[in-house]
Protein chains: 2
Amino acid sequence: MSQISPTEVKQRMECYKEVCHNAGVKLTHQRLEIYREMATTGDHPDADIVFKRVRKRLPTMSLDTVYRTLWLLTDLGLITTLGPSRERTRFDANLKHHHHFKCVNCGLTQDFYNDEFDAIPIPDSVQAIGSVDVTRVEIRGICHKCGGKG
Amino acid sequence: MSQISPTEVKQRMECYKEVCHNAGVKLTHQRLEIYREMATTGDHPDADIVFKRVRKRLPTMSLDTVYRTLWLLTDLGLITTLGPSRERTRFDANLKHHHHFKCVNCGLTQDFYNDEFDAIPIPDSVQAIGSVDVTRVEIRGICHKCGGKG
DNA sequence: TTAGGTGCAAATTCTTTGCACCCTG
DNA sequence: CAGGGTGCAAAGAATTTGCACCTAA
């Protein structure tokens, strides 16, 4: 579990408090500890893992508060989700090396091909983590259908 | 919903039959229709959507068969999942522009930074789909911890 | 003070499983 | 014909929600 530097954590906590204040959201003990947990560790836990970790410090914490808070933080833009958020598993029959454009508004995920992307050189920092299998680029944006309206 | 060309579909169906045969997996009517649905449309449906579509042609189809078949096809390498497969939603408190290395074996997802990735030029084919917000690179591979063993 | 937040438990939603019958190879 | 595959229904997980009490602002 990669730890975030104390300086960075402090910065994140400040940012968190400011965003909550601006949004008119109360700074409860529970929320503080949940966000602190997220800000302190660099891994990408699911709700249950956050719950178990925070509970050590706050034994009265309940799982549903963790869920509610995690989605609140997401809505506030303080954290993001890995992969599809609030969606079920989706399947893809395209076995060719391809990349995805994902509309953050409607969820449309469209394949596209690009030789340059396929040929992106792998940086040394990644070699340090493990051996590379596939490189996939995900572009997030707004599709024309959604962009036209709002 | 982007349609796949008939030639490509035919190719995929052939590939499907061959893989099933080699794996000693039976070619049932249900599996054929589920795979055909996946091979024909270029969108990335979830299990329930596949179920509803296939049911129009095969009214006796049941949702649990769709699930079983989708995972079977995934295990056979005929389809893949978008984002985390068989995992819950994970959260990320890192708001800096970063990329992910994901170990396909243990699920470890580690952040890394790379200026070159951040600066990748967006191809025209993507401009045609929509406006770009963020570009994120996901590298899939085996982390050193898993690589050493098996 | 008071509106929003929490904990509990129950409800939902999504996915998996046990079992008897069916069909492919 | 045999063993895997399917449909049904029921179980299991994961996540959300209703409600009464609590607490930050």
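Residue numbers begin at 1 in each chain, while the letters A, B, ... track the order of the sequences. Since we're looking at a predicted model, the values are computed, not measured.
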Kindly indicate whether the side chain of A:Trp71, heavy atoms from C-beta on, has any atom under 4.5 Å from the side chain of A:Arg86. yes
Quick one: does B:Thr109's side chain get under 4.5 Å of A:Leu82's, heavy atoms only? yes
Value in whole Å for how far the [atom2] atom of [N] lies from [atom1] of [X]:
X	N	atom1	atom2	answer
B:Arg55	D:dG7	CZ	C1'	10 Å
B:Asp46	C:dC14	CG	P	9 Å
A:Ile34	C:dG7	CD1	C1'	12 Å
A:Leu72	C:dG4	CG	C1'	11 Å
A:Phe91	C:dT15	CZ	C1'	10 Å
B:His29	C:dT24	NE2	P	9 Å
B:Leu58	C:dC23	CG	C1'	14 Å
A:Tyr35	C:dG5	OH	P	18 Å

Next item on the list: Considering just the side-chain nitrogens and oxygens of A:Arg88, establish if one lies under 4.0 Å of OP1 or OP2 belonging to C:dT13.
Entry: no
task = Check whether any side-chain N or O of B:Trp71 sits under 4.0 Å from OP1 or OP2 of C:dT16, and answer yes or no.
result = yes
CG (B:Asp111) and OG (A:Ser125) are apart, to the nearest 0.5 Å, by 11.5 Å
The reported gap from CD1 in A:Ile129 to NZ in B:Lys145 (rounded to nearest 0.5 angstrom) is 12.5 Å
Assert: residue with more 5' nearest nucleotide on DNA chain D, out of B:Thr60 and A:Asp48, is B:Thr60
Picking from C:dC23, D:dG7, C:dG5, the nucleotide nearest the side-chain atoms of B:Lys26 would be C:dC23
Note: contacts of residues 61-68 of chain B with DNA chain D (heavy atom, under 4.0 Å) are B:Met61, B:Ser62, B:Asp64, B:Thr65, B:Arg68
Only one of B:Arg53, B:Arg31, B:Arg55 passes salt bridge (charged side-chain N to carboxylate O under 4.0 Å, His left out) with B:Glu37, and that residue is B:Arg53
Whichever of B:Thr28 and A:Gln30 has the more 5' nearest nucleotide on DNA chain C, that residue is A:Gln30
Which of A:Asp118, A:Thr135, A:Asn114 passes side-chain hydrogen bond (donor to acceptor under 3.5 Å, both in side chains) with A:His99? Answer is A:Asp118
Review point. Going by the angle between their ring planes, with limits at 30° and 60°, are B:His98 and A:His44 parallel, tilted or perpendicular?
Key: parallel
